[in-house]
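The structure under discussion appears below in the form of structure tokens.
First listed ligand is number 1; within each ligand, the first listed atom is number 1.
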Amino acid sequence: MKQAAKVAFPIPNSEHYHYRIPDDLKDLVGLGHRVLVPIKSRKAIGYVIGLEKPPADIKLKDIIDVLDEKPLFDKKRLSFFKWISDYYLAPIGMILKSAHPGGLGLNLNKVISITEQGKSALDSEAIDLTELQILSALSAGSLPINKILEIVQGSTNASINKLKLKNLVQTEYTLDRKSYLKTERFITSTDKSRNKELFGIICKKRPAKAKILEFILRNENTEYPQLKEVFGNLSGHLKWLEENGYIEIETKELIRDPYSEMKITKEKPVELNVDQKLCLKEIKSASNSKSFSPFLLHGVTGSGKTEIYLQATQHVLNKGREALVLVPEISLTPQLVKRFKARFGNQIAVLHSAVNESERFDSWQKISEGKIKIAIGARSSIFAPFKNLGIIVVDEEHEQSYKQEESPHYNARDLALVLGKIYRSAVVLGSATPSVETYSNFLKEKVKYLSLPLRATNSTMPRVEIVDIKKEKNIVISEPLKKAIWDNFSSGSQTIIFLNRRGFSSVLVCRACGETLECPNCSITLTYHKSDGSVKCHYCGLDEGKFNKCLKCGNLLIEYGIGTQKVEEEIKQIVPDARCARMDRDEVRGKRGLIDLYNKLQKNEIDVLIGTQMVAKGHDLAGVTLVGVISADMSLSIPDFRAGERTYQLLTQVSGRAGRGTKEGRVIVQTLKPDNAVIKFAAGQNSLSFLQNELKLRSALGYPPFAKLVNIKFTAKTDSQTSGIANTTRAIASKLLQKFPLDSIEILGPSPCPIGKIKNKYRWQLLIKSSDPKELHKFTKGLQKALRHAKFAVGIRISFDIDPMSFN
Ligand code: ADP
Ligand code: ZN
């Protein structure tokens with residue numbers, strides 16, 4: 001039997017199927033091509049993920065068409081996709097879909113046409129008004145489905161399906177080839193137009209044309225829209241100028257760059273200090289060795305990590321290889337992008353989440369063709385189609401946003417290591433506050449440790465003071481912070497006020513002693529459910545019922561939370577003349593808003609910046625000398641075993657904003673728990689002690705990195721339906737557990753998620769935990785399979801989150 005194509009589909013829960021390759025397509029179909037194939041009664045686009053002998057006893061259908069001239073991926077890339085598919089338990093077609101920008105220029109259209117029977121039904125009385133309208137619209141010719149829904153009032157997919165069942169219409173799928181390559185007309189002058197004599201003649205005879213020509217002579221390679229903006233409608237003139245040989249009009253591909261509006265001046269590498277030199281040397285020799293070499297680059301804020309990324313990238317480039325730089329959220333890191341652009345100019349692709357599909361397609365194409373050798377972007381950039389990666393940088397490797405919260409739930413930081421192994425590249429995980437996982441990988445000698453213990457410029461680390469907010473009259477802004485804000489403003493320096501707010505779940509805090517309620521089984525904060533006043537653990541499902549007194553001192557527990565607006569009002573009372581700005585997701589929309597605000601800060605047009613998590617990220621502002629932290633405890637109480645780690649990271653990051661210039665920085669941390677170890681370690685700016693302490697805790701409680709977790713999430717329309725499925729799954733899981741070694745796997749829950757309802761869907765979760773990754777993988781895979789056989793009603797979603805980073 002001849003070889004058949006194994007085809008995967010970008011459809012949830014889909015499997016892959018074999019298709020026969022017809023003779024006329026034989027030389028065109030290969031690994032990595034997209035093909036159009038019949039599937040049930042439809043047509044679908046799929047990816048060829050293999051060529052192999054098909055199973056003997058199955059009659060194969062034919063591939064209808066090949067859609068790509070060149071393959072989208074090769075064998076090496078495919079091994080990466082397969083790894084992800086297997087590890088994160090997601091169909092490979094879904095991984096391929098995530099890895100390739102939307103459609104890559106292709107779209108499948110559903111087209112409806114009227115049948116002979118349909119034509120005669122136009123006069124019949126057995127159809128309703130909507131159906132009649134649809135049929136008459138179609139009698140003039142077939143229409144794409146979205147067109148029908150648009151033009152015929154009251155038409156729905158259901159009404160079209162009814163017509164189809166009655167054989168009055170038929171559907172067909174056609175392929176829509178979009179051209180994403182945006183082109184523009186560029187206009188240049190010819191030698192003839194530069195001839196002074198001739199120019200003099202047109203000036204006299206055709207003054208309007210002469211003006212346009214003069215403009216073109218001054219601005220060579222003018223884009224058409226630019227001319228149009230200056231001269232209005234000018235196509236007649238241009239046509240004349242072209243026909244008479246004065247100008248040439250050429251249609252060229254436009255290179256679009258979402259960061260083009262940013263003002264960037266070219267920058268040269270700086271002379272590295274001793275510590276930096278040592279780090280760079282290690283990374284360089286690792287990348288020269290062409291073997292997989294992972295590093296943890298632990299450098300305090302402002303220690304010059306970025307400079308190392310830049311110089312390492314240059315080195316890799318010089319060796320003819322490629323560099324991928326991952327950043328947590330690109331819109332929050334305009335400065336890093338700016339510095340890469342300043343160093344590498346147009347050699348770099350910025351893969352921004354706000355760029356549109358065609359821009360993304362552009363970058364993808366250029367990287368794939370090897371025309372662009374550096375890319376910087378957020379987590380999905382891990383899929384940039386490089387073929388010769390010399391280095392992968394993951395900046396702020398501890399950041400949660402590397403984890404994709406929707407399916408497929410991959411973690412780009414972890415995938416960077418997988419990719420590095422496949423391409424034999426250096427992988428640099430950089431952070432001022434390394435994640436517990438990465439630090440533990442260093443202890444296990446899986447990654448090498450590089451350290452930058454000092455700031456690169458002469459500035460020192462800021463002084464951190466803790467204020468016990470329980471002892472203060474005003475819980476929003478304490479007396480010491482008030483005074484510091486006033487002093488700082490008076491001396492002409494800038495202040496950042498950081499509001500630690502995690503908007504999702506409610507926790508109850510004791511105003512008197514600062515305690516929160518904790519689950520005795522799981523050592524995580526219990527969540528307060530506003531709807532019925534109950535207090536629950538959403539790891540193990542413990543339900544404490546209604547509870548409102550502090551266990552320690554008996555005082556009433558209160559819901560704790562302060563908004564940026566409230567803080568702004570109070571600040572205005574302290575320093576009425578200060579120019580304040582707020583930075584949070586409600587205030588700052590899109591990349592422009594952020595860049596504007598950032599520029600204002602740099603130009604010293606803002607005195608006090610008030611913001612949430614956004615202000616903590618990578619700004620390098622020399623004028624900021626005071627950072628105030630309003631509610632350090634909020635993130636400490638999030639119901640998550642990583643609450644301590646997150647708080648530690650946040651406080652360190654935000655403190656790092658202070659005193660980057662010549663003046664010393666000062667940080668004031670307001671807290672209900674001044675004696676908490678995390679707060680103390682953060683104030684002492686001692687990462688390694690924090691990490692060692694945290695590892696002890698995790699080990700004692702059996703949390704990652706000493707165990708692995710899988711969080712199964714259930715969503716459905718009603719609470720009882722959702723809890724029902726969660727409980728059924730629990731029962732199926734318990735049965736499956738009997739086939740596994742005793743105590744190798746632990747099942748926790750089910751329990752409602754802290755955010756119990758999103759978009760009218762109820763949410764529950766079930767947590768699986770094990771210290772044996774292999775057994776856990778086997779178990780989860782088995783459970784997934786068992787659930788596929790248990791037929792649940794439509795509208796129910798079950799998703800498997802491997803290595804969950806949040807438990808919302
Ligand atoms: P990080 O990425 O660790 O926060 P950066 O690379 O942004 O640190 O460096 C912080 C500041 O120090 C930047 O303004 C940078 O230009 C400067 N810097 C970095 N390396 C050096 C050096 N070797 N000498 C002088 N200044 C440096
Ligand atoms: Zn619990």
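- R698 has its side chain within reach of F641: a pair of non-hydrogen atoms, C-beta onward, lies under 4.5 Å apart.
- The ligand atoms of ligand 1 that sit less than 4.0 angstrom from a heavy atom of G304 are 1 (P), 3 (O), 5 (P), 6 (O), 8 (O), 9 (O), 19 (C).
- Near E271, with a cut-off below 4.0 Å to any heavy atom, the atoms of ligand 1 are 22 (C), 23 (N), 24 (N).
- Compare G430, G302, A456 by their heavy atoms: the one nearest to atom 10 (C) of ligand 1 is in G302.
- Distances from atom 1 (P) of ligand 1 to the heavy atoms of E267, R339, K305 put K305 nearest.
- Using a cutoff of 4.0 Å between basic side-chain nitrogens and carboxylate oxygens, R642 and E437 are scored as salt-bridged.
- Around the Zn ion (ligand 2), the protein N, O or S atoms found under 2.8 Å comprise C519 SG, C522 SG, C537 SG, C540 SG.
- Between the side chains of S744 and D772, not a single donor N or O lies within less than 3.5 Å of an accepting N or O.
- Classification of the F690-Y648 ring pair by plane angle, with boundaries at 30° and 60°, yields parallel.
- Interface of S303 with ligand 1, defined as ligand atoms under 4.0 Å from a residue heavy atom, comprises 1 (P), 3 (O), 8 (O).
- Atom NZ of K403 is surrounded by more than 12 heavy atoms from other residues, nucleotides or ligands within 6.0 Å.
- Residue N273 has at least one heavy-atom neighbour below 4.0 Å for each of these atoms of ligand 1: 23 (N).
- For the side-chain hydrogen bond (donor to acceptor under 3.5 Å, both in side chains) with S435, the lone residue among Q400, H398, R413 that qualifies is R413.
- Of all atoms in ligand 1, numbered sequentially from 1 with element shown, those under 4.0 Å from a heavy atom of L272 are 23 (N).
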